Amino acid sequence: QVQLVESGGGVVQAGHSLRLSCAASELTFNNYAMGWFRQAPRKERELVARISSRALSRSYADSVKGRFTISRDNAKNTVYLQMNSLKPEDTAVYYCAAARVYAIDYSAYDYWGQGTQVTVSS
């Protein structure tokens, strides 16, 4: 059974950094593009960053460009999200997800983690 397990969330002050990790198991990891999504209360889930299966392509939401970096280590079956200069509006539950294609729409993602809470205080 495929599992995606996120870690690294927490409570930080604005301007600080966090690094999220997502470890995959029972998945041919290097065949999948990976995405980080987030969902804040009363808001729709949004794609924050995505990375192609071999890390040749990456893209970011405009709201996080220049502050967040997505990366992956296919040898460790893990994808990361480095989040710098955090803002209160970054507060959300963050989810990693796996897709067979390098997709934007969440419906294209086949597997999801359980989510990790990130809270940024002002």
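On a predicted model such as this, the values are computed, not experimentally measured, just so you know. Sequence positions, counted from 1, serve as the residue numbers for this chain.
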Closest heavy-atom contact between Tyr95 and Gly113? CD2-O, 3.6 Å
Cluster question for you: counting only ILVMFWY and a side-chain heavy-atom cut-off of under 4.5 Å, with indirect links fine, are Tyr60 and Met34 together? yes
Check residues 43-51 and write down every donor-acceptor pair under 3.5 Å in which the side-chain atom is one partner and the other belongs to a residue at least two apart or another chain.
unit_1: Arg45; atom_1: NE; unit_2: Gln39; atom_2: OE1; d: 3.4
unit_1: Arg45; atom_1: NH2; unit_2: Gln39; atom_2: OE1; d: 3.4
unit_1: Glu46; atom_1: OE2; unit_2: Arg38; atom_2: NE; d: 2.6
unit_1: Glu46; atom_1: OE2; unit_2: Arg38; atom_2: NH2; d: 3.1
unit_1: Arg50; atom_1: NE; unit_2: Ser59; atom_2: OG; d: 2.7
unit_1: Arg50; atom_1: NH1; unit_2: Tyr102; atom_2: O; d: 2.9

Not counting sequence neighbours, list each pair that qualifies as a disulfide bond (SG atoms under 2.5 Å apart) and has a residue in residues 68-122. Cys22-Cys96
Side chain to side chain contact (heavy atoms under 4.5 Å, CB included) involving Val2 - partner list, sequence neighbours excluded: Leu27, Tyr111
d(Asn77 CG, Thr28 OG1) to nearest 0.5 Å is 9.0 Å
Rounded to the nearest 0.5 angstrom, the CD1-OH distance for Ile104 and Tyr106 is 14.5 Å
Return the set of residues passing side-chain hydrogen bond (donor to acceptor under 3.5 Å, both in side chains) with Ser122 (not counting sequence neighbours), or none when no residue passes. none
What pairs meet the disulfide bond (SG atoms under 2.5 Å apart) rule with one or both residues in residues 50-82, with sequence neighbours excluded? none
Identify, with sequence neighbours excluded, every residue that meets side-chain hydrogen bond (donor to acceptor under 3.5 Å, both in side chains) alongside Thr119. Gln117
So which heavy atom on Thr78 is nearest to which on Ser21, and how close? CG2-CB, 4.3 Å
Which residues satisfy the side chain to side chain contact (heavy atoms under 4.5 Å, CB included) test with Arg67, sequence neighbours excluded? Val64, Ser85, Lys87, Asp90
Set of ring pair (Phe, Tyr, Trp, His ring centres under 6.0 Å) partners for Tyr109, sequence neighbours left out: Phe37
Close side-chain approach of Met83 and Val12, heavy atoms under 4.5 Å: no
Of Ile70, Leu81, Val79, the one forming a side chain to side chain contact (heavy atoms under 4.5 Å, CB included) with Leu20 is Leu81
If you count heavy atoms of other groups shown closer than 6.0 angstrom to CD of Gln114, is the number above 12? yes
Taking every non-hydrogen atom, the tightest pair across Ala40 and Thr91: CB-O, 3.6 Å
Nearest-0.5 Å distance that lies between atom OH in Tyr80 and atom CG in Asp73: 5.0 Å
Residues pairing under salt bridge (charged side-chain N to carboxylate O under 4.0 Å, His left out) where one sits in residues 52-64, two or more places apart or in two chains, turn out to be Asp62-Lys65
List the residues meeting side-chain hydrogen bond (donor to acceptor under 3.5 Å, both in side chains) with Gln82, not counting sequence neighbours, and say none if there are none. Asn84
At what distance, to the nearest 0.5 angstrom, does CZ of Phe68 lie from CG of Leu86? 5.0 Å
Please give me the minimum heavy-atom distance between Arg72 and Ala33, naming the atom from each residue. NH1-CA, 4.0 Å
Salt bridge (charged side-chain N to carboxylate O under 4.0 Å, His left out): pairs with one or both residues in residues 6-27, sequence neighbours excluded: none
